[in-house]
Amino acid sequence: MIRNYYGKITLSIIKPDAIQNGYTFPILMMIFKAGFSIKSIKTMKISKKLAIKFYDEHKNKYFFSHLIDFITSGPVLSMILNKNNAVKDFRKLIGDTNPTVAKKGTIRNLYATSLNMNAIHGSNSNENAIKESLFIFSNSSILL
Ligand code: ATP
Ligand code: MG
């Protein structure tokens, strides 16, 4: 059951810009080298409906429509990643939301296009990691 993995998983999405720019494998290598294992993985195109649900916390922000347009603009690679301290360690690996301030060597520093098109998503809390995993993957496809 996914709840048993509370604190040990995070939900990641390699975003359309990184896929289009050919960075999928370099990013996967960085994730692997940082000690994460892949529990579930799929390529998909995020629907508007799912995007709006996924980014609900930002619905009143000025950038919301850009965010929805971008995340639905092309294929993405979604993954449930497993590691102790997954959420915190993964946020460290991907770097700041804004690639111009993301630390050197982080995924966003290396591969993001802009603040909006910032290559990769990582959950921001253990609760959201579970919630987002269930948004993206059906129960039966979660290999836990
Ligand atoms: P994500 O949730 O995609 O992993 P994050 O948690 O680092 O990113 P959030 O604050 O959740 O950042 O913002 C969600 C997304 O909205 C960001 O990844 C970025 O693409 C976009 N975004 C955030 N802040 C801004 C902003 N000030 N201007 C434009 N886009 C923004
Ligand atoms: Mg976020």
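Nothing fancy with the numbering, it's 1 onward along the sequence. Keep in mind that the numbers below use all heavy atoms, side chains included, and drop hydrogens, waters and symmetry copies. Just follow the structure's listing: the first ligand is 1, and inside any ligand the first atom is 1.
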Original post:
Between Lys15 and Asn118, do the side chains contain an N or O donor and an N or O acceptor separated by less than 3.5 Å?
Top reply: yes
Which atom pairs, donor and acceptor, lie under 3.5 Å between side-chain atoms of residues 42-49 and protein residues at least two apart or in another chain?
residue	atom	partner	partner atom	Å
Lys42	NZ	Ile136	O	2.7
Ser47	OG	Leu50	N	3.1
Lys48	NZ	Asp69	OD1	2.9

Original post:
Under a 4.0 Å heavy-atom cut-off, which residues neighbour ligand 1?
Top reply: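 Correct list: Lys15, Tyr55, His58, Tyr62, Phe63, Leu67, Arg91, Thr97, Arg108, Leu115, Asn116, Asn118, His121, Gly122.
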Extract all donor-acceptor atom pairs below 3.5 Å that involve side chains of residues 19-26 and protein atoms in other chains or at least two apart in sequence.
residue	atom	partner	partner atom	Å
Asn21	ND2	Asp17	O	3.0

**OP:** Might you confirm whether atom NE2 of His58 has over 12 heavy atoms from other residues, nucleotides or ligands at distances under 6.0 Å?
**Re:**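 Atom NE2 in His58 is packed in, count exceeds 12.
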**OP:** Considering only NZ, NE, NH1 and NH2 on the basic side and carboxylate oxygens on the acidic side, decide whether Arg3 and Glu127 come within less than 4.0 Å.
**Re:** yes
**OP:** Run through the side-chain heavy atoms of Ile, Leu, Val, Met, Phe, Trp and Tyr, join any pair under 4.5 Å, and report what else lands in Met117's cluster.
**Re:** Phe70
